[in-house]
Structures are given as structure tokens and as C-alpha cells.
Amino acid sequence: MTHATGYNFAYLDEQTKRMIRRAILKAVAIPGYQVPFGSREMPLPYGWGTGGIQVTAAVIGADDTLKVIDQGADDTTNAVSIRRFFARTAGIATTERTEAATIIQTRHRIPETPLAEGQILVYQVPIPEPLRWLEPRETETRKMHALADYGVMHVKLYEDIARFGRIATTYDYPVLVNGRYLMRPSPIPKFDNPKMHMSPALQLFGAGREKRIYAVPPYTAVKSLDFDDHPFEVQAWDQACALCGATDSFLDEVVTDDKGGRMYVCSDTDYCGRRREAQEAAQ
Amino acid sequence: MTAVHATDGLLPGFADPVLDSQRVFRAVLEATARPGTLVELPLHLEPPAPLDAATAAVMLALADYETPLWLDGTAATDAVAEYLRFHCGCPLVSDPAAAAFALIADASIMPPLAAFHAGSDEYPDRSTTLVIQVATLTAGEPVELSGPGIRDSARLAAGAFPPDFPRWVAANHELFPRGVDLVLASGRSLAALPRSTRLEW
């Protein structure tokens, strides 16, 4: 194992890791509850995944294989630099293949390839508190969680219906974990919400600036809030992916010229690339 | 590294404190995320009697100066106190409700779960984690487990506990989201019963 000299394994000092590890264990024991932790300054700015990177640093070991995605892509700046950060400070193996990874750190997507038991999905979370835009005071939101008083969120979704005729929230769609805690799934598209429900993988969430860690254990009920007459539904596209032809994946709209030309492609680059490889191999 | 067999004097902790702590944490995380699953200790450790290797490893991996530790009568020997004070630097407390971790070396005469800190409604995470050393994780009275982390159902046959233990665990689960979390250790094996798990005897 080779890693950068002058740093501890995976960058963080041991006392910090222990503190984060204890927070993670409590988070797993209380699914959906946000555990406060002593977030450290990291060598990247807030908003670039300082929470996720601290969770990954506390969890990762020498035998792990890490995949990092940013909006589904393995090859964007944020994903590349975080992957390289751990390759250098922990000397661990990295991959772009979803099923080859033991830990997947993600910014705002869940991979299309189904996750398996034993995998850990680490989310980068900007704002962990689902009620924050409805109630700015931490003392109040804490009390609302203590009393499971989530009526205000239903009112917000109802106001969407009153105004637009449908629930207009499309990402960071609020979920109820294990029938108890209201949770923000981080800004993943609501397309990904069903993948959280009864997932075989362990899901950990880290918010660095807001200093919160929360978790969804494997095989835990994650219900997207809705109404009987306005059930939760996910986005659908008329198009298939322009590159691989997938009709079941989350598509990004890419503007191709200044004359209104555009194409839709899979946001999950690993999924799209592997489908194209398989198609080329079949020809 | 050569093993130290001294019966008096301080026994060594982890051979590689960084990587060994991580391995043990992952074992506890796996056990907590999948209640009822037996996880094998991924390293060798020779702790002072009466601690088993798994029991001591959990403490070495997770306890430090921020976590007041309560020891039950069986664990509270000079050798154990010295070992944990030296390797973890954790303060030892006499009030179980003031402890972040409680180490119980003899499960059969353990105090009720209500004696420990269950956290508050606002901060349910500020509760005691009990590390309970049991005689067996496989040959005790089998219990049916359900809850987060368990797909259909899981079984655990740990023992032996006081006769009132099922009632304590049910009351602890009833408190959710408050409550204490249990890590069970025996020999080189670990299992966990977080507060979210429902037990049927």
C-alpha cells in the first residue's frame, strides 16, 4: 500500500475518525435521524462534498474499492478529484464500475445498476434538514422531529398541488424513513427515490457545513411523501438515451448548438458506457 | 509481533492502531446495519481477563477521551481499568446513566437497560451504547428479529441474560427513537441489537 507521506491513512486523524464512526453507528441505529458531529475543515471548499468525504474517510479501509460519481458521472471534476484524494491519502483501489465498488461516494445520483449487499453508498449532502426552508430555527425543527410533527411538509406539497395541479418538487423529494423520521435524500432526482426503499446497500449521508450525519440501513422502508389522490410518481421521458438507447435510466438534456438542437443522454456514465460496449460487442 | 503473555503488566492493544480500528469499526458497522448477523473479529487481540477479544476490540476502536465508560462489577478489575485507560484514554464513571459506553462482562447479572442513558427526544443519539459480553451468540435461546437492516427476519441465539431481559429490550424498543444500543460480543464474534430492532422470544 502506498499513500502520501505526512498524512494519516485517509487524511483524517484517528480521534476525528472515531468521533465520526460513533456518529455513524448512532445514525444507523436511528434511521433517518440527523446526528450532529464535529465536522472538520477539509482541503476542499464547502459544497464540494466535505461531508461525504469525511464519512468516506472514516469508513474506508485498505481493502476497499472506491467509486465516486458527480451527477451520475465518474469523469467530472468533483468526482475525479475526490477519487484521486483517496487514492493518494489512503492508497486504495478506485473503479468506475458500480458493481466492483465496495464504497460509492455520490453527489446527487444513485447508480442505475442495482446495488448489492455489502456495498456502502455515501451521499454528499448540502442541506440535511428537510424542514429548513419551512422553519429556519434549528430549535424548532429539532422539536418537530422529536414529536414527528411533519404536517408542515404535507402543507407544502399540498400548496404545490393547489398551484400547479401536481406535486412540483422534482429533486430532494422528502421521504419518511422507517415510518418515523422525515429525511432529505440530498438533491437526488425523485427518479432515484424508489431505489432507496429496501435497498440491500447501506446508505450514509454526510453534510460537512451543516455538521450532520444520517443513515438508512439496508432493507429499510423509505417512503416518498404523497397523497392518496396524488400518489408519488417519477419523471418519464419521451426520448431514449441518444448514445445507448436506454429507456429506463435518468436522462440529462444536453444542448448541442445555438439553434435549439439538443440530445438526451444517460446521466450515469458507467451504465451508459457499459451498455454501448455490450452493443458493440454484440455486433 | 510477538505475543505478550504477561499476567501482570499492561497488555498491548492493536498491532496497527489505524487499520485495526478501521477493521473493527467496519465489523461493528456491519453488525449494526444488519442486526442479528454474526461478524468475526478480523484481527488477533489478547486483552486482560475477563474480557474476550471481541469485547476489548470494540472498546479500543470506539472509545476515547470523549466517551465516559461504565464497567460492570465483573469488568471492573484493575487490569481492565488500566488497559482501557491506557489504550483509550477514556474516563471511567460510576453512574451508568452518565456513560457513553457501558462494558458488561457478565450478561447474566447485568443491570436493567433503563439504568443507562436513553438520550432525549431531541437528541436520541446521546444515549449509552452497551457492549455486552455473552457466553454464547449461537447456543442460547433463539430470538426472532425484525426491523431496519433485516430483509425478512433474522435469528440470534445469544445468552445467557437475566430473566427480565426480554421485557427490558421490548421497553427499550418501545422508547424509539430514544433507547440504548446493544453490541453483543463473545470470543471473537460480534452481533448488534440496535434500538430499532424488534425481538420476539
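Labels below follow one simple rule: chain letters A, B, ... track the order of the sequence lines, proteins then strands, and each chain is numbered from 1.
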Pick whichever of B:Pro124, B:Pro17, B:Pro194, B:Gly179 has the most heavy-atom pairs under 4.5 Å with chain A. B:Pro124

Between B:Gly147, B:Ser120, B:Gly149, the one whose heavy-atom pairs under 4.5 Å with chain A are most numerous: B:Gly149

Just by modelled atom types, is the A:Ile60 backbone N or O under 3.5 Å from a matching donor or acceptor in the B:Gln22 side chain? yes

Under 3.5 Å donor-acceptor, A:Arg142 side chain and B:Glu122 backbone: yes

Do [X] and [Y] make a side-chain contact, defined as non-hydrogen atoms from C-beta onward lying under 4.5 Å apart?
X: A:Arg21; Y: B:Ser21; answer: yes
X: A:Leu25; Y: B:Leu62; answer: yes
X: B:Arg195; Y: A:Lys26; answer: yes
X: B:Arg26; Y: A:Asp63; answer: no

Considering non-hydrogen atoms only, spot the tightest contact between [X] and [Y] and give its length.
X: A:Ala146; Y: B:Asp121; answer: CB-O, 3.4 Å
X: A:Asn178; Y: B:Pro148; answer: ND2-CG, 3.3 Å
X: B:Asp181; Y: A:Ala29; answer: OD1-CB, 3.4 Å
X: B:Tyr123; Y: A:Tyr33; answer: CA-OH, 3.4 Å

Is it true that B:Glu66 and A:Arg18 have a side-chain N and a carboxylate O under 4.0 angstrom from each other? no

Measure [X] against the heavy atoms of chain A and call it side chain, backbone, both or neither at under 4.5 Å.
X: B:Ile150; answer: backbone
X: B:Ser127; answer: both
X: B:Pro35; answer: neither
X: B:Ala100; answer: neither
X: B:Thr67; answer: side chain
X: B:Val28; answer: both
X: B:Arg151; answer: both
X: B:Ala192; answer: neither

Are there over 12 heavy-atom neighbours, none belonging to [X], within less than 6.0 Å of that residue's [atom1]?
X: B:Arg198; atom1: CZ; value: no
X: A:Arg84; atom1: CZ; value: no
X: B:Glu174; atom1: CD; value: no

Evaluate side-chain contact (heavy atoms from CB on, under 4.5 Å) for A:Lys17 paired with B:Val18, printing each intermediate quantity in order. CA-CA 10 Å; A:Lys17 284 191 207 165; B:Val18 173; 4.0 Å; yes

Quick check on the interface: out of A:Ile120, A:Val35, A:Asp64, A:Leu147, who has the most heavy-atom pairs with chain B under 4.5 Å? A:Asp64

Go through A:Met198, A:Met144, A:Glu117, A:Lys143 and name the one with the most non-hydrogen pairs under 4.5 angstrom from chain B. A:Glu117

Which answer fits A:Ala27, side chain, backbone, both or neither, if we ask what part of it has an atom under 4.5 Å from a heavy atom of chain B? neither

Pick one of side chain, backbone, both or neither for A:Gln15, based on which atoms fall under 4.5 Å of a heavy atom in chain B. both

In residues 201-219 of chain A, which residues are in contact with chain B at a heavy-atom separation under 4.5 Å? A:Leu202, A:Pro217, A:Pro218, A:Tyr219

CZ-CD1 distance between B:Phe25 and A:Ile24, expressed to the nearest 0.5 angstrom: 4.5 Å

side-chain contact (heavy atoms from CB on, under 4.5 Å) for B:Thr129 and A:Arg22? Distances and angles first, verdict last. CA-CA 10 Å; B:Thr129 301; A:Arg22 291 193 295 259; over 6 Å; no

